[in-house]
Amino acid sequence: MRNGPRQVAPALVALLALALAGCGTEVPEGLVVGESASPPPAPYSGPLKAKTPSWVGEDGLLEGGGAAVLTLECAGKPHEAGSVADEGSGDEGADSADEALAAYVADQAGESEPGRGYRVEARTKQRVLYSYDVAARTRAAVIVAEDERGWFAETHAQCDPSEFRAKERDRLGINVWEDARGRAVSTTKVVSWMGAEHCDWQSVEFVTLDRGNDGRLRGQEYLRDPEGKLTDLRGLRSTYAKDVQLPADAVDTGYRHDGRELWLARDRTHAYARSADGAVERWPGTKEPVGCM
C-alpha cells in the first residue's frame, strides 16, 4: 500500500528508533524471536534465491519478490512483494543478518509490514530467511543476503495485513478494519490511513474501498477532514460535516474501526462514520485518488 499519503505509526517509531543509529545498527527487542518459539510444523525447504514465480504478472505488486514469494502461506492471495537489494550500490552493509533485517524494517517505517516477531526459518551460507508466522503459517518474509559489502535485505513478500496478529496490525501505518463480527477485513476491500506530515495532512484520514489485489482503486476513496485541510481540493464529491443525521437510505458497509461504523450514501458520493455514542460525520468522496508528493 504505497500509493498514497502515509504517517508512521507512533508505537512503531519508538520500537524502531534504535535501528536508525547508522553504522552498527541495533536490533530492536522483539524484532527476532528466540529459539523458544515453537518451530513451524513444515519449515520452508525451497531455494532462498529464485526467480519470481511465473504466475506473477508484469508490473504487479509481487514483481521482483523472487524466492520470498515462494515462502508465503497466505489464507488469501499474496499482497505485496519485491526486491530491495541494490547490487550495484557501494553502500556499506550490515555486520549481521539480524542487523540487515532491522535496517529493512526501519526503512519501511511500519507502513504495512510487521515490525517485530520474525523468526529464522531457513539459512544458507549467504542467505537467511526471516518469516513472520501466524498460526504456524508464514504471513510475511524477508530474505537477507551477504556479499562483499556485508548483509542486505534482498527480497520480501507478505500476505494481506489483515492476516497479521491484532497487536501487529495496531502498529502499522495503515488501519486494518474489521467486520461486524470483529474479524479483520482484507485491505483490498477497505483500508485507511492518516495523511502525511510533510504535506500538513496529518489530521486528514483517508479510506479506500475495493482497491483490488493489483493495487488499483476500483471502488471509491473518502476522506475525513475535520480541520478543512483539503476543502479547496478539486474533485471532492461533497463536503465534510460533523453531527449530521444518518439518512434512512444509507447503506451499512459492515466495516468497523476504532468504535466507528462505516456507512455509504445510496449514490456513494460520500460516506458516514457513526461512532459508538451515535454521533455521525459525513466524509466526502473523491473523483480520483488523492496523493501527497
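A chain of hydrophobic side-chain contacts below 4.5 Å, direct or via other Ile, Leu, Val, Met, Phe, Trp or Tyr residues, connects Ile174 to Val105. Note on Val280: it does not cluster hydrophobically with Tyr222, by side-chain heavy-atom contacts below 4.5 Å among ILVMFWY residues.
Residues Leu129 and Thr71 have side chains in contact (heavy-atom distance under 4.5 Å, counting atoms from C-beta outward). Side-chain contact between Pro78 and Gln158 is absent, with no heavy-atom pair separated by less than 4.5 Å. Here the side chains of Gln202 and Glu227 are not in contact, with every heavy-atom distance at 4.5 Å or above. In this structure, the side chains of Thr253 and Trp177 stay at 4.5 Å or more apart for every pair of heavy atoms. No side-chain heavy atom of Leu31 sits less than 4.5 Å from a side-chain heavy atom of Asp98. The shortest side-chain heavy-atom distance between Asp160 and Thr188 falls under the 4.5 Å cut-off. Side-chain contact between Leu101 and Trp151: absent, with no pair of heavy atoms (C-beta onward) separated by less than 4.5 Å. By the 4.5 Å heavy-atom criterion applied to side chains, Val191 and Val207 are not counted as neighbours.
Glu121 meets the salt bridge (Lys or Arg N to Asp or Glu O under 4.0 Å) test with no other residue; sequence neighbours excluded. Applying the side chain to side chain contact (heavy atoms under 4.5 Å, CB included) rule to Glu261 yields the partners Arg256, Trp263, Arg274; only residues at least two apart in sequence or on another chain are considered. A search for salt bridge (Lys or Arg N to Asp or Glu O under 4.0 Å) contacts involving Asp179 returns Arg183, not counting sequence neighbours.
Note that the CG atom of Asp252 and the CG atom of Leu264 stand 9.0 Å from one another [nearest 0.5 Å]. Here the straight-line distance linking atom CZ of Arg171 with atom CD of Glu113 works out to 15.0 Å at 0.5 Å rounding. Separation of atoms CG (Asp267) and CZ (Arg237) is listed at 9.0 Å; rounding is to 0.5 Å. A distance of 9.5 Å separates SG of Cys199 from CG of Leu230, quoted to the nearest 0.5 Å. With rounding to the nearest 0.5 angstrom, the OG1 atom of Thr208 is 11.5 Å from the CG atom of Leu223. Between the CZ atom of Arg169 and the OG atom of Ser162 there is a distance of 7.5 Å, given to the nearest 0.5 Å.
Listed here is the closest heavy atom pair of Glu154 and Leu48: OE1-O, 4.2 Å. Lys49 and Ala67 get closest at one heavy-atom pair: N-CB, 3.9 Å. The minimum heavy-atom distance linking Ala145 with Arg127 is given by the pair CB-CG, 3.8 Å. Leu262 approaches Ala271 most closely through the heavy-atom pair CD1-CB, 4.0 Å. The shortest non-hydrogen separation linking Val134 to Glu163 is CG2-O, 3.6 Å. For Ala50 against Leu70, the heavy-atom pair with the smallest separation is CB-CD1, 4.1 Å.
For residues 272-293, the set of pairs meeting the ring pair (Phe, Tyr, Trp, His ring centres under 6.0 Å) definition, not counting sequence neighbours, comprises His270-Tyr272.
Using cut-offs of 30° and 60° for the angle between ring planes, the Tyr104 and His156 rings count as tilted.
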May I have the list of side-chain donor-acceptor pairs in residues 40-47 shorter than 3.5 Å, sequence neighbours left out?
from: Tyr44; atom 1: OH; to: Pro47; atom 2: O; distance (Å): 2.6

Could you go through the salt bridge (Lys or Arg N to Asp or Glu O under 4.0 Å) check for Asp210 and Lys189 one step at a time? CA-CA 4 Å; Asp210 303 324; Lys189 296 180 178 180; over 6 Å; no
Verdict with reasoning, Val32 to Arg119, per side-chain contact (heavy atoms from CB on, under 4.5 Å): CA-CA 5 Å; Val32 181; Arg119 61 173 302 127; 5.9 Å; no
Take Met194 and Val204 through the test side-chain contact (heavy atoms from CB on, under 4.5 Å) and record every step on the way to the result. CA-CA 6 Å; Met194 302 304 296; Val204 183; 6.0 Å; no
Stepwise, does the side-chain hydrogen bond (donor to acceptor under 3.5 Å, both in side chains) test hold for Arg282 with Thr239? CA-CA 7 Å; Arg282 184 179 67 217; Thr239 59; 2.8 Å; yes
Just do the side-chain contact (heavy atoms from CB on, under 4.5 Å) check on Val144 and Tyr130 with the steps written out, would you? CA-CA 8 Å; Val144 302; Tyr130 291 95; 3.7 Å; yes
From CA spacing to verdict: side-chain contact (heavy atoms from CB on, under 4.5 Å), Phe164, Leu172: CA-CA 10 Å; Phe164 300 166; Leu172 299 177; 4.1 Å; yes
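Put simply, the side chain of Thr187 never gets that close to the backbone of Val190: no donor and acceptor are under 3.5 Å apart. Thr138 places no side-chain N or O within donor-acceptor distance of the main-chain N or O of Ser131, the cut-off being under 3.5 Å.
Of the charged side-chain nitrogens involved, none lies within less than 4.0 Å of a carboxylate oxygen, so that Arg139 and Glu73 do not count as a salt-bridged pair. Salt bridge status for Glu168 with Arg165: absent, with no side-chain N to carboxylate O gap under 4.0 Å.
A cation-pi arrangement is found for Arg149 relative to Phe152, the charged atom lying closer than 6.0 Å to the ring centre and inside a 45° cone about the ring normal.
As a member of the Ile/Leu/Val/Met/Phe/Trp/Tyr network built from side-chain separations under 4.5 Å, Leu72 groups with nothing else and remains a singleton.
In this structure, a donor-acceptor pair under 3.5 Å is absent between the side chains of Tyr255 and Glu178.
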